[in-house]
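Below is one structure, written out as structure tokens; comments come after it.
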Amino acid sequence: MLSRRHLLAAIVSTFALVSSPASAFADPAAGDFITKLADTAMTTVAAKGLSDDERAKRFRTLFIDNFDLPEIGKLVLARHWSAPTTTDEQRTEFVRLFEEIQVLTWARRFKDYSGEKLEILAIEPGTTGDLQVESRIKREKLDPIMVGWRVRKAGAIYRVLDIKVEGASMAQTHRAEYSSVIQANGGTVDGLLAAMRKKITQLQAESKTN
Amino acid sequence: MPTFIPRAALSRIAVSLVSLALVAGCAAPPPADDKEAVAEFEQLNDPLEPMNRAIFEFNQVVDKALLKPVAQGYRHVVPAFGRDRVRDFLNNLRSPIILANDLLQGQPDRAMQTAMRFAFNTGFGAAGLFDVAAPGGLPFHDEDFGQTFAVWGIGEGPYLVLPILGPSNPRDTVGLAAEWLVDPLNLHLDHVGQDWAIWTRAGMYGVDKRERYLDKLDEIERGSLDYYASLRSMYRQIRATEVKNGTVDLKTTPSREKR
């Protein structure tokens with residue numbers, strides 16, 4: 001006869017089996033998603049002879065379609081996202097401004113890219129049920145860069161949540177940065193939003209003069 | 001103590017650091033009842049933030065006035081081929097230090113790799129000017145005492161910005177000092193009274209490093225709302241990755257921080 005403890009152990013182990021994350025290469029589709037994303041970026045955003053506006057537009061489309069922006073916003077704003085004093089308007093505004101800053105900083109970088117090739121090294125289950133796709137980007141005449149992609153699957157759709165470049169997570173870096181800005185501005189999300197607006201104006205002015 | 005250690009300068013820097021810490025004070029930790037704020041404070045690991053920010057501002061001034069222009073000039077004047085020779089040469093000179101740390105970390109395979117690289121590059125690579133070992137299947141890897149201490153289980157301690165040298169922590173600072181003291185080439189040069197070569201080497205190492213980071217740092221500064229906070233976070237993450245020799249740790253992705 002099963003004791004209660006045995007029964008519990010049996011239930012737990014059954015659950016562990018059912019919910020155990022997929023093995024290392026169980027989801028090659030996540031790798032295909034990243035490969036395709038990199039290819040599309042190279043052929044559309046990094047295409048030669050584009051105007052800056054056109055390049056930014058193409059980057060934005062790719063970014064919105066393939067990155068889970070609201071989730072990233074939640075990751076980056078962390079405890080300030082769920083704070084009772086933070087309103088829905090502030091959250092929406094934060095995600096909008098975050099998107100804007102990313103477009104303004106990333107689109108420009110693609111101008112100099114040519115001949116970069118992405119190679120998938122591993123696809124592993126991460127801690128939160130997401131997938132971690134490890135890749136190496138080979139560059140002409142430059143050392144290769146290690147880039148890790150945190151990917152979430154919803155239905156049949158994959159979306160990127162975070163990028164790690166040489167071990168530095170963008171989400172973690174932004175989180176540390178933004179919490180510093182919030183702290184320096186009286187602990188309010190409004191202070192951060194104001195600083196972000198200022199940064200955007202500055203970045204836009206720069207890209208006009210260049 | 002070898003003569004290339006400017007004892008007076010060292011103690012002067014130490015004294016001014018301490019007085020700066022006293023003037024700038026420590027960052028006030030958040031009230032203990034705000035658990036999330038406390039967790040964040042510990043996560044940032046920067047109790048000396050006011051002092052660090054002051055040194056950071058100083059470094060920024062020195063960088064803009066001197067280090068960055070020198071690195072830009074170096075890039076402008078010396079073609080990529082020449083800069084690669086300088087880098088290969090400097091990397092080869094580091095081999096004894098890398099080898100020692102490979103061994104101290106219990107990595108015989110990597111130690112063997114470093115030793116063979118040193119032999120090949122010194123012998124067949126024109127005294128290390130050409131990295132002939134890398135194309136031959138022995139790629140370069142770096143190591144330092146800070147990483148070795150970490151492998152031994154010594155924690156990083158609070159974040160620390162060093163004058164001129166930049167982002168660090170007590171563990172890596174001790175590692176840096178150890179490296180300066182035990183480097184066999186430096187000891188030899190000091191012994192034969194050629195201290196100028198030690199300083200030249202250190203200077204070239206700095207210029208090479210700054211040149212390599214020219215674009216990256218510009219990009220980070222440009223996109224940051226708080227450059228100091230961005231660099232602090234990146235330094236700590238990248239050091240943690242280096243300690244693991246680039247092995248990716250899936251558990252450090254945000255949303256479920258351990259601390």
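Values reported hereafter were calculated over all heavy atoms of this structure, with side chains retained and with hydrogens, waters and symmetry mates removed.
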Could you check whether atom [atom1] of [X] has more than 12 heavy atoms from other residues, nucleotides or ligands sitting under 6.0 Å from it?
X        : atom1 : answer
A:Lys57  : NZ    : no
B:Phe120 : CZ    : no
B:Phe89  : CZ    : no

Going from [atom1] on [X] to [atom2] on [Y], what distance comes out if it is rounded to the nearest 0.5 angstrom?
X        : Y        : atom1 : atom2 : answer
A:Glu206 : B:Arg222 : CD    : CZ    : 5.0 Å
B:Ile220 : A:Thr105 : CD1   : OG1   : 11.5 Å
A:Ile182 : B:Leu225 : CD1   : CG    : 10.0 Å
B:Thr241 : A:Lys164 : OG1   : NZ    : 6.5 Å
B:Leu44  : A:Gln183 : CG    : CD    : 7.5 Å
A:Ile145 : B:Lys216 : CD1   : NZ    : 7.5 Å

Among the options B:Arg232, B:Glu219, B:Met234, pick out the one with the most heavy-atom pairs lying under 4.5 Å from chain A.
B:Glu219

Within-4.5 Å side-chain heavy-atom neighbours: B:Gln43 and A:Gln172:
yes

Between A:Ala176 and B:Ala229, which heavy-atom pair has the shortest distance, and what is it?
O-CB, 4.2 Å

Over all heavy atoms of both residues, which pair between A:Ile101 and B:Gly223 is shortest? Give the atoms and the distance, please.
CG2-O, 4.3 Å

Side chain, backbone, both or neither: which part of A:Met170 has a non-hydrogen atom closer than 4.5 Å to chain B?
side chain

Tell me, for A:Leu161 versus chain B, whether the close heavy atoms (under 4.5 Å) come from the side chain, the backbone, both or neither.
neither

For A:Glu177 and B:Ser230, indicate whether the former's side chain and the latter's backbone hold a donor-acceptor pair under 3.5 Å.
no

Taking atom types as modelled and ignoring hydrogens, do the side chains of B:Gln237 and A:Thr173 form a donor-acceptor contact shorter than 3.5 angstrom?
yes

